[in-house]
Amino acid sequence: MAIERQKFLEILRDSYSAYYNIVDMEAPDDIPLVFRADYFSRSEKYWLSKKNIVWGNETNEYAYIFSAPEFSKELIEKCTDFALADGLPRVKPHKEHQYTNVKVVFIADRIDENEIKPMVKREFSKSYRFSLHGFTNLLSGAVDLETQKTYTNKAGHSLVPFFKKLFAAREEKT
């Protein structure tokens, strides 16, 4: 059972808006960027007063959501390169920085398995000061709305249950 792409994007945007800051940003005309979602989290422990911080921990994420009827290998590469080029300068490593992930999500009416293989195989990881100041990973995922099938790279395996929940949320709304 096929899902209408615009309705799925509304559910996805609503889901991200709970914990992420939604940013409608401009992209080149040949890149089908719908929105960027920014997540920032900081945890810390202190002793006796908030001035005496024992430890701090920051985790961040920049999610780039792309939507098109179909994606070619070239378009997937171009979108992923755009997300990395835009997301990596936003990383501010320091001693309390754990990680900042760049997440790329492709929403399509139909996905050809041969066209999606480069996304599944693509990996990116960068450490800052031998990981003492954190690291960055590329998490990639794609959704075929016609078959409700999801594809991810190795780092993006946590996206599969997330998309399954969105499919279930879509069925509840109809």
Closest heavy-atom pair and its distance - [X], [Y]:
X: A108; Y: P69; value: CB-O, 3.8 Å
X: K73; Y: N114; value: CE-O, 3.1 Å
X: N137; Y: S125; value: OD1-OG, 3.0 Å
X: A83; Y: V102; value: O-CG1, 3.9 Å

Taking the side chain from N52 and the backbone from W47, do they hold a donor-acceptor pair closer than 3.5 Å?
yes
What's the separation between atom [atom1] in [X] and atom [atom2] in [Y], rounded to the nearest 0.5 Å?
X: R13; Y: I65; atom1: CZ; atom2: CD1; answer: 10.0 Å
X: D144; Y: I116; atom1: CG; atom2: CD1; answer: 9.0 Å
X: T59; Y: R42; atom1: OG1; atom2: CZ; answer: 10.5 Å
X: T152; Y: H157; atom1: OG1; atom2: NE2; answer: 8.0 Å
X: T147; Y: I111; atom1: OG1; atom2: CD1; answer: 7.5 Å
X: S67; Y: D109; atom1: OG; atom2: CG; answer: 7.0 Å

Do Q6 and L9 pass the side-chain contact (heavy atoms from CB on, under 4.5 Å) test, and can you show the C-alpha distance, the side-chain angles, and the key distance before you say yes or no?
CA-CA 5 Å; Q6 196 58 38; L9 286 171; 4.2 Å; yes
CZ of F40: more than 12 outside heavy atoms within 6.0 angstrom?
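Correct, the count exceeds 12.
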If you draw a 6.0 Å radius around CH2 in W55, do more than 12 non-hydrogen atoms from other residues or ligands fall strictly inside?
yes
Are any of the side-chain nitrogens in R90 or D38 under 4.0 Å away from the carboxylate oxygens of its partner?
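No, no charged N to carboxylate O under 4.0 Å.
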Could you tell me whether R110 and D112 make a salt bridge, using a distance below 4.0 angstrom between a side-chain N and a carboxylate O?
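Looking at R110 and D112, the cut-off is not met.
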Is there a donor in the side chain of N101 and an acceptor in the side chain of Y62, or the other way round, less than 3.5 Å apart?
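Absent: no donor and acceptor within the cut-off.
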Do N57 and S43 pair up side chain to side chain, a donor and an acceptor below 3.5 Å, judged on atom types alone?
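Distance-only check fails for N57 and S43.
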Residue list, ring pair (Phe, Tyr, Trp, His ring centres under 6.0 Å) with F162, at least two apart or on another chain:
Y16
Can you list the residues that meet the ring pair (Phe, Tyr, Trp, His ring centres under 6.0 Å) rule with F106, with sequence neighbours excluded?
F66, F71
Linking I/L/V/M/F/W/Y whenever their side-chain heavy atoms sit closer than 4.5 Å, directly or via other members, would [X] and [Y] fall into one cluster?
X: L75; Y: V143; answer: no
X: L33; Y: V23; answer: yes
X: V160; Y: L12; answer: no
X: V34; Y: Y39; answer: yes
X: I31; Y: I107; answer: no

Can you tell if the side chain of [X] reaches within under 4.5 Å of the side chain of [Y], non-hydrogen atoms only?
X: R122; Y: I76; value: no
X: F124; Y: L88; value: yes
X: K103; Y: V105; value: yes
X: F35; Y: M25; value: no
X: N60; Y: Y99; value: no
X: S15; Y: L166; value: yes
X: V104; Y: F82; value: no
X: K154; Y: V120; value: no

Listed partners of [X] passing side chain to side chain contact (heavy atoms under 4.5 Å, CB included), at least two apart:
X: E74; value: S72
X: A155; value: L139, N153
X: H94; value: E58, E96, H97

Can E44 and K50 be said to form a salt bridge (charged side-chain N to carboxylate O under 4.0 Å, His left out), step by step?
CA-CA 9 Å; E44 60 185 24; K50 290 186 178 181; over 6 Å; no
Could you please spell out the steps behind the side-chain contact (heavy atoms from CB on, under 4.5 Å) verdict for K165 and F163?
CA-CA 5 Å; K165 286 180 185 176; F163 289 131; over 6 Å; no
Stepwise side-chain contact (heavy atoms from CB on, under 4.5 Å) check, K126 with F135
CA-CA 6 Å; K126 181 176 182 176; F135 61 91; over 6 Å; no
Quick check: F8 with F167 (ring centres under 6.0 Å apart)?
yes
Under the criterion side-chain contact (heavy atoms from CB on, under 4.5 Å), I'd like the reasoning laid out for Q148 against I3: C-alpha separation, chi angles, the key distance, then a yes or no.
CA-CA 8 Å; Q148 295 187 8; I3 299 173; 3.4 Å; yes
Please walk me through it: do Y19 and S41 pass side chain to side chain donor-acceptor pair (under 3.5 Å)?
CA-CA 10 Å; Y19 296 102; S41 174; over 6 Å; no
For Y20, give me all partners under side-chain hydrogen bond (donor to acceptor under 3.5 Å, both in side chains), at least two apart in sequence or on another chain.
E61
